[in-house]
Number of protein chains: 2
Amino acid sequence: MLTTEKIRRIRQLNRDYTRVLGVMNKQIFGTTLSWPEGRIMIEIGLNHLTAPMQVASRLGLDRSYTSRTINRLVKRGLIEKLPSPTDSRSVQLRLTPEGRRVFAQINTRSDDQLVDLIRDLSTAEQEELYASFATIDKLLFKREGK
Amino acid sequence: MLTTEKIRRIRQLNRDYTRVLGVMNKQIFGTTLSWPEGRIMIEIGLNHLTAPMQVASRLGLDRSYTSRTINRLVKRGLIEKLPSPTDSRSVQLRLTPEGRRVFAQINTRSDDQLVDLIRDLSTAEQEELYASFATIDKLLFKREGK
DNA sequence: ATTTTTAGTGGACAAAAGCCACTATCTGCG
DNA sequence: CGCAGATAGTGGCTTTTGTCCACTAAAAAT
């Protein structure tokens with residue numbers, strides 16, 4: 001078991017890192033999307049979630065709220081809803097061409113921001129940082145390193 | 001410069017880790033405090049921020065909103081406002097005895113949650129995880145390792 | 001076949017957060 | 001010094017975000 005001191009240090013890092021992510025997230029969606037709208041676009045575009053329920057439970061959002069937010073995105077022409085072939089209560093979500101354009105923009109900007117965050121580090125330090133992230137990813141989320 | 005692939009992996013981790021932190025944050029303040037109230041308590045109790053403005057800018061919150069939230073905590077008897085000796089526009093924030101009690105409770109719970117998160121890992125893995133967090137802390141926030 | 005669960009939705013509402021304007025102080029500067 | 005501009009805290013108002021509940025229709029379970 002980790003010492004209390006180490007636990008506290010991780011928690012401090014959590015708070016600090018949450019703060020920088022918060023700042024980044026505010027700027028990202030200076031595009032046209034609000035932060036929850038952007039999150040939903042990412043879940044559909046990147047993680048290929050197709051049902052509103054999947055999106056809601058992944059993001060920890062209320063079904064109702066998720067439904068409304070998705071419908072807003074449909075109205076803006078970024079997402080389309082197709083009838084689900086397997087469950088006629090449900091729908092299949094998909095990015096429209098315009099939605100894919102916006103999604104690509106979000107990705108590009110987000111990448112840029114992250115690059116910006118580590119700009120001051122040397123190449124060796126950047127790789128060291130990446131290795132640490134990859135280790136955390138491996139240990140907490142069981143994704144294999146590379 | 002890190003490859004796009006590595007950047008993308010860090011971003012994926014960011015989203016996943018944000019999600020687990022989000023879940024944790026919801027449960028923490030099942031105590032009596034809302035999440036922003038808790039954050040403010042932590043900033044005052046742990047990082048010893050004394051002025052409302054410091055709290056606001058650190059948490060990236062609106063001055064007005066911060067002011068109201070602090071006043072709510074004052075009314076609940078968790079924080080007290082003393083006149084600042086150096087600036088009579090400002091105030092000095094301090095936890096009351098009751099506030100310190102609640103603060104200690106938040107800390108204990110938060111520690112427990114983090115311990116819980118890494119419960120499944122072996123001792124060696126936990127230390128490996130800590131080392132990774134410490135490296136990130138060092139590289140991004142210049143805090144020295146230990 | 002009937003009960004129970006689940007997906008999506010709308011209405012009403014609560015909580016979180018931001019914007020603007022105002023007061024009182026403080027700071028910098030001619 | 002005296003005054004222009006900045007800053008700290010606050011209240012009113014609005015927007016955004018998110019929750020709760022009830023309802024419909026379809027699916028799954030019994």
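- For the pair B:Asn47 and A:Gln12, the minimum side-chain heavy-atom distance is below 4.5 Å.
- One can place CD of A:Gln92 at 15 Å from C1' of C:dG8, the figure rounded to the nearest angstrom.
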*In B/S/- notation, 5' to 3', how is nucleotides 25-30 of chain D contacted by protein heavy atoms closer than 4.0 Å?*
BBS---
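- Contact check on A:Asp116 versus A:Arg119 returns a salt bridge, with a Lys/Arg side-chain nitrogen under 4.0 Å from an Asp/Glu carboxylate oxygen.
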*In B/S/- notation, 5' to 3', how is nucleotides 12-24 of chain D contacted by protein heavy atoms closer than 4.0 Å?*
BB---SBBB----
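- The number of heavy atoms from other shown groups lying within 6.0 Å of NZ (A:Lys142) is above 12.
- Considering B:Lys6, B:Arg8, B:Arg9 in turn, B:Arg8 is the only one that fulfils the salt bridge (Lys or Arg N to Asp or Glu O under 4.0 Å) rule with A:Asp111.
- In this structure, a donor-acceptor pair under 3.5 Å is present between the side chains of B:Tyr17 and A:Asn14.
- A side-chain N or O of B:Ser64 and one of B:Arg68 form a donor-acceptor pair less than 3.5 Å apart.
- Taking a 4.0 Å limit (strictly below) on heavy-atom distances, residues 73-85 of chain A reaches DNA chain C at A:Lys81.
- At most 12 non-hydrogen atoms from other residues, nucleotides or ligands lie less than 6.0 angstrom from CZ of B:Arg94.
- Checked for salt-bridge contact, A:Glu43 and B:Arg15 miss the test: no charged N lies under 4.0 Å from a carboxylate O.
- Of the residues B:Thr96, B:Asn71, B:Val74, the one that meets the side chain to side chain contact (heavy atoms under 4.5 Å, CB included) test with B:Ile79 is B:Val74.
- At whole-Å resolution of the value, CD1 in B:Ile40 and P in C:dA16 are 11 Å apart.
- Between B:Ser67 and D:dT10 there is a side-chain polar atom (N or O) within less than 4.0 angstrom of OP1 or OP2.
- Between the side chains of A:Arg11 and B:Asn107, at least one donor-acceptor pair of N or O atoms lies under 3.5 Å.
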